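None of the values given here were measured: they were computed from a predicted structure. Numbers restart at 1 for each chain; the letters A, B, ... are given by sequence-line order, proteins then strands.
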2 protein chains.
Amino acid sequence: MRRDELLDAAEALLQDQGAQALTLAAVAERAGVSKGGLLYHFSTKEALVKGMIERLIADFDALIEAQGESTYTRSYVAATFEAVETGRLRRWAVVTGAAGDPALLAPLREAMARWMRQGLDDEPDPPASQIVRLACEGVWEVATHCSAIVDFAAVRARLLALL
Amino acid sequence: MRRDELLDAAEALLQDQGAQALTLAAVAERAGVSKGGLLYHFSTKEALVKGMIERLIADFDALIEAQGESTYTRSYVAATFEAVETGRLRRWAVVTGAAGDPALLAPLREAMARWMRQGLDDEPDPPASQIVRLACEGVWEVATHCSAIVDFAAVRARLLALL
DNA sequence: GCGGGTTAACCGTCCAGCCGGTACAGTAGG
DNA sequence: CCTACTGTACCGGCTGGACGGTTAACCCGC
């Protein structure tokens, strides 16, 4: 699908040049498409950003699902580290793109609430699970800004030990 | 100092209207100053954003220092929760303002590296401290996007118990 | 204690450039 | 004939920044 390539181009642009560089012309050029071609798929810039967010959420939910661990928290940890280590799911990039308009972040807030709560009460030690999930947020953050600092494998092992 | 009021206005604008709303005219109006007056203190928009970042880092470092706990990690936890609960230090707002240009985030990356590493090896259980600090990052994130979801006092107690 | 000079802090307007979006004519493939 | 584009030309609004005032406080010699 060409649509996905356009979203990829937008994400790549955000990742290595920041939000100011996210212009319709730049996205089109990076994707090897004319501006008209871009606007054919996303009739407005807002739609493009919305598309990035929705894809991010759907992909991460799918990644969690695909782990098939015994608890949601375990799957969540596994999905986080897989996303972070492989560089898939450029979450930071997408968020910066959407930070221009708070309304665009609403679906992400909703998803985040789900990621923090889902299945929490069914797990052996809910408060511990809560903290593990919060730490996963920290892992996202550190991985995108200064990944050299943390030994991800060690952190992962320790997080699983907490559960 | 008038300079601080201008930074306050910029942060407030970012917090409740997003990065697109951060224009020189809007900041000036919010601060009750003319555009010329704003440009007197910050000769360019980039300087304004830089000012917000530097202030954020300095304020948070000062907050950590002011806790005077026995270890850096304990002070870090205390500072995080104080910042989050009081609503001081609108970190998310500042970051979204700077996300337009990756170069502006460099000082923040540096600071974050410090926050994750400082005094780590002097503490009883470094890996545990690492995870506690990562969880603090998560607390920032959740507090700004969906604060209703987490019982901060409980999380704080549990984090301290981990140390 | 007063004119005059200096400076810091601030005002208000103007402009050039960019960017999102439109319009439209054309085209290759299926 | 339709989908999925290309390419060009264009527009109007917004924005960053430049610039030339203006005010008020303060200092200094006399």
* To do: Not counting sequence neighbours, which residues clear side-chain contact (heavy atoms from CB on, under 4.5 Å) with A:Glu46? List them please.
  => A:Thr44, A:Leu104
* If you take all heavy atoms of A:Arg133 and A:Glu123, which pair is closest and at what distance? -> NH2-OE2, 3.1 Å
* Protein-nucleotide distance (B:Tyr40, atom OH; C:dC10, atom C1'), rounded to Å -> 8 Å
* Is any NZ, NE, NH1 or NH2 atom of the basic residue among A:Arg91 and A:Glu141 found under 4.0 Å from an Asp or Glu carboxylate oxygen of the other? -> no
* Asked: How long is the line joining NZ of A:Lys35 and C1' of C:dT22, in whole Å?
  -> 9 Å
* Residues B:Lys35, B:Glu29: salt bridge by 4.0 Å N-O rule -> no
* Asked: For C:dC10, does OP1 or OP2 lie under 4.0 Å from any side-chain N or O of B:Arg2?
  -> yes
* Asked: So which of A:Phe60, A:Trp140, A:Tyr72 actually passes ring pair (Phe, Tyr, Trp, His ring centres under 6.0 Å) with A:Trp115?
  -> A:Phe60
* CD of B:Glu69: more than 12 outside heavy atoms within 6.0 angstrom? -> yes
* To do: Run the salt-bridge test on B:Arg88 and B:Asp59 with the 4.0 Å N-O cut-off and return the result as yes or no.
  => no
* **For DNA chain C, the residues among residues 12-30 of chain A that have a non-hydrogen atom under 4.0 Å from it** => A:Leu22, A:Thr23, A:Leu24
* Asked: Rounding to a whole Å, what distance do you find between A:Glu46:CD and C:dG20:P?
  -> 13 Å
* Structure fact -> When every non-hydrogen atom of A:Cys136 is compared with those of A:Leu159, the smallest separation belongs to SG-CD1, 4.5 Å
* Please list, by residue number, the residues of residues 94-102 of chain B whose heavy atoms come closer than 4.0 Å to an atom of DNA chain C; answer none if no residue qualifies. => none
* Length of the CG-P vector between B:Leu38 and C:dT13, whole Å -> 17 Å
* Structure fact -> Sorted by chain and number, sequence neighbours left out, side-chain contact (heavy atoms from CB on, under 4.5 Å) with B:Ala128 holds for A:Arg158, B:Asp125
I'd like a table of donor-acceptor pairs (distance under 3.5 Å, sequence neighbours excluded) in which one partner is a side-chain atom from residues 10-22 of chain A, with atom names and distances.
unit_1	atom_1	unit_2	atom_2	d
A:Glu11	OE1	A:Arg90	NE	3.2
A:Glu11	OE1	A:Arg90	NH2	3.4
A:Glu11	OE2	A:Arg55	NH2	3.1
A:Asp16	OD1	A:Arg30	NH1	3.4

* To do: For B:Lys45 and C:dC18, give me the distance from atom NZ to atom P, rounded to whole Å.
  => 16 Å
* Non-hydrogen side-chain atoms of B:Val49 and B:Phe42 separated by less than 4.5 Å -> no
* Terminal contacting nucleotides, 5' and 3', DNA chain D versus chain B (heavy atom, 4.0 Å) -> D:dT15 to D:dG17
